[in-house]
> 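Got a structure for you, questions after.
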Amino acid sequence: MDVLVIGSGGREHALCWKIAQSPLAGRLYCAPGNAGIAQIADCVDLAPLDFDGIVRFCREKNIGFVVVGPEDPLVNGLADRLAREDIRHFGPSAAAARLEGSKGFTKDLCAEHNIPTAAYGRFSDAARAKAFAGAKGAPIVVKADGLAAGKGVIIAETVAQAHAAIDEIFGGRFGQAGAQVVVEEFMTGEEASFFAFTDGKTALALAAAQDHKRVFDNDQGPNTGGMGAYSPAPVMDEAMSARVMREIIEPTVSAMHERGMPFRGVLFAGLMITSEGPKLIEYNARFGDPETQVLMMRMESDILPALMACHDGTLDKITLTWKRDAALTVVMAANGYPGDYAKGSEIRGLDAAGALPQTQIFHAGTRADAGKVLANGGRVLNVTALGANVSEAQARAYAAIAKIDWPEGFCRRDIGFRAIARERETI
Ligand code: AMP
């Protein structure tokens, strides 16, 4: 069966890498892909929002299964369109993707079904939002309701900052995404990214991961799309995983089913593990980036049957096995990221780095040009390795980075530091 993956990031490279290993996969295509994906799949020059073009391509090539990576096409209805065209696919409908597309929708669903999350208010006017923030006191979190490319969350240290954030969002900084505002309690604890497949009825836990959002070492500097990740997450032991499934994931899956918008795909729960237990920070309706890179390294089972079961409603027949090894990925980004950065610099040494044992280099913003690999985005490479524990995986990833010759790029030098500190304590 021929497969089309939609997207062009490290997440999609990791998905293509894993799908390419499936005995069920025939030809593999990726739209639009990148220089790394081009080494294992045929890249097709189609934008993820070009639904007509995607459907036409699927017909032309007789594509048996489409895997949608990013949130934008999902929130805009690519899965609905593929369903109407009778093309099997992985990824939720636009209605179900509201779990990511509207924070207010998710908070209301949590409140209705007793799913643990931060106490909140949802507002469409500034005065009431400000009064709520004032009454709750700082620190407090102000969020634009809709998709804001990860920038719509403001942690306010003072009520004045919260008021300024509310004005900014209603002032149009995030366009339509800021038509409503959620103001919520500030939670403390350790964060983890938890993933579960669901076919609308059954949910199946994947592994958990932890990422590093800040751009500089020791979690300093502005937030990014993610500078590195590792799995497993020490805070998510088996008991905590079971609790998250019982208290958060399963009630969400049944609530969405009851509302007539079954969620079929991967639920990515951003969690805060607080002293009272796990609480939901937010849902994403697709795989995480860079978390997927480490999950794919650890997944032992064939991924394609599981992806198809999410579509077909047969997830209860699927089990997944995982390597006990830890995986860790370090993001290499263009100098200046997450601010302005230049494109087009050459990256050398990738073959030598990728040839090291237990190491994979997943490309994000790269493009091939006359046999060279050029930087073509902010986050550019994900240098990923397996090891007996996080320390070993980290050592391998940085050994690979040492072989990459790219003066125009940088990376954090401390990915995995929390897990490694725990490993040292237990030695
Ligand atoms: P989100 O885009 O909702 O995942 O938020 C981005 C980041 O803001 C999260 O990864 C958390 O670090 C932080 N955050 C969001 N909501 C809260 C909250 N209620 N309490 C504490 N931190 C939060």
Side-chain angles (χ1 to χ4, degrees), residues 70-72 75 97-111 115-123 129 132-133 136-159 161-162 165-166 168-169 173-174 177-178 180-195 208-216 218-230 233 235-236 244 248 252 266-292 331 338 415 418:
E71 61 274 22
D72 246 20
V75 168
R98 288 195 75 202
L99 280 177
E100 173 160 5
S102 167
K103 293 186 192 297
F105 172 87
T106 300
K107 297 297 286 190
D108 288 353
L109 184 124
C110 288
I115 296 168
T117 185
Y120 76 108
R122 184 182 182 181
F123 305 97
F132 182 86
K136 291 278 172 194
I140 193 148
V141 185
V142 178
K143 302 184 175 185
D145 179 69
L147 288 185
K151 299 189 176 74
V153 174
I154 297 106
I155 314 272
E157 306 288 346
T158 63
V159 170
Q161 269 175 22
I166 291 166
E168 212 177 354
I169 297 175
R173 170 149 179 233
F174 302 107
Q180 286 198 357
V181 163
V182 168
V183 181
E184 69 179 39
E185 163 205 9
F186 177 78
M187 298 185 283
T188 49
E190 190 166 339
E191 281 186 57
S193 304
F194 187 88
F195 297 85
Q210 284 180 299
D211 77 349
H212 296 262
K213 285 243 177 281
R214 302 296 191 98
V215 69
F216 299 130
N218 298 314
D219 290 339
Q220 301 296 308
N223 267 335
T224 68
M227 294 302 290
Y230 54 91
V235 60
M236 291 298 304
V244 169
I248 298 178
T252 303
V266 60
L267 264 180
F268 163 6
L271 301 175
M272 188 72 84
I273 311 302
T274 71
S275 55
E276 294 158 21
K279 292 192 181 181
L280 182 72
I281 301 174
E282 63 157 5
Y283 272 128
N284 295 301
R286 36 78 196 176
F287 278 113
D289 189 339
E291 290 93 335
T292 306
V331 170
I415 299 301
R418 280 193 193 84

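Every number for a ligand or one of its atoms is a count from 1 in the order of the listing. Here the structure is a predicted model, which is why all the values come from computation and not from measurement. Side-chain atoms are counted along with the backbone in the values below, which use heavy atoms only and exclude waters and symmetry mates.
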> Would you call V331 and I415 a side-chain contact if the rule is heavy atoms closer than 4.5 Å?
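In short, these two side chains do not touch, never coming nearer than 4.5 Å.
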> Protein heavy atoms: any of them under 4.0 Å from atom 11 (C) of ligand 1?
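Given the 4.0 Å limit, the answer for atom 11 (C) of ligand 1 is yes, a protein heavy atom qualifies.
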> What is the closest protein heavy atom to atom 13 (C) of ligand 1, and at what distance does it sit?
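For atom 13 (C) of ligand 1, the nearest protein heavy atom is I155 CD1, 3.7 Å.
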> With a cut-off of 4.0 Å, which atoms of ligand 1 are near a heavy atom of E282?
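Those qualifying, in numeric order: 1 (P), 2 (O), 3 (O), 4 (O).
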> Any side-chain heavy-atom pair from P116 and I248 closer than 4.5 angstrom?
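Contact flag for P116/I248 side chains = yes.
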> Should L271 and E191 count as side-chain neighbours, where that means a heavy-atom distance under 4.5 Å?
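A side-chain contact under 4.5 Å is absent here.
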> What is the distance from atom NZ of K143 to atom CD of Q180, rounded to the nearest 0.5 Å?
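Atom-to-atom, K143:NZ and Q180:CD are 14.5 Å apart.
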> Do the non-hydrogen side-chain atoms of I154 and I169 ever get within less than 4.5 Å of each other?
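Sidechains of I169 and I154: in contact.
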> Side chains of V142 and Q161: does their closest heavy-atom pair fall under 4.5 Å?
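A side-chain contact under 4.5 Å is absent here.
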> For V141, counting its heavy atoms only, list the atoms of ligand 1 lying under 4.0 Å from any of them.
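With V141 as reference, the close atoms of ligand 1 come out as 16 (N), 17 (C), 18 (C), 19 (N), 20 (N).
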> How far is atom 19 (N) of ligand 1 from the closest protein heavy atom, and which atom is that?
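Answer for atom 19 (N) of ligand 1: E184 OE2, 2.7 Å.
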> Counting from 1, what ligand 1 atoms have a heavy atom of M272 closer than 4.0 Å?
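Those qualifying, in numeric order: 21 (C), 22 (N).
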> Of all the non-hydrogen atoms in the protein, which one sits nearest to atom 20 (N) of ligand 1, and at what distance?
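Atom 20 (N) of ligand 1 sits closest to the protein heavy atom M187 N, 2.8 Å.
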> Knowing that exactly one of I115, T252, V182, L99 qualifies, which makes a side-chain contact (heavy atoms from CB on, under 4.5 Å) with T106?
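Running side-chain contact (heavy atoms from CB on, under 4.5 Å) over I115, T252, V182, L99 with T106 returns exactly one hit, L99.
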> Among all the protein's non-hydrogen atoms, which is closest to atom 9 (C) of ligand 1, and how far away is it?
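For atom 9 (C) of ligand 1, the nearest protein heavy atom is E191 OE1, 3.6 Å.
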> For atom 5 (O) of ligand 1, what's the nearest protein heavy atom and its distance?
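Of every protein heavy atom, V153 CG2, 3.6 Å lies nearest to atom 5 (O) of ligand 1.
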> Within the 4.5 Å heavy-atom criterion, are V244 and M236 side-chain neighbours or not?
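SC-SC contact between V244 and M236 confirmed.
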> If you count the atoms of ligand 1 from 1 in the order shown, which ones are under 4.0 Å from a heavy atom of F186?
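Listed by number with element, the hits are 20 (N), 21 (C).
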> Considering distance alone, does some N or O of E185 sit under 3.5 Å from an N or O of ligand 1?
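Indeed, backbone or side chain, E185 has an N or O that close.
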> With heavy atoms of I281 as the reference, note each atom of ligand 1 found under 4.0 Å away.
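The list of qualifying atoms is 3 (O), 15 (C), 16 (N).
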> What is the closest protein heavy atom to atom 16 (N) of ligand 1, and at what distance does it sit?
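Its nearest protein heavy-atom neighbour is K143 NZ, 3.0 Å.
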> Kindly indicate whether the side chain of V183, heavy atoms from C-beta on, has any atom under 4.5 Å from the side chain of K136.
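In short, these two side chains do not touch, never coming nearer than 4.5 Å.
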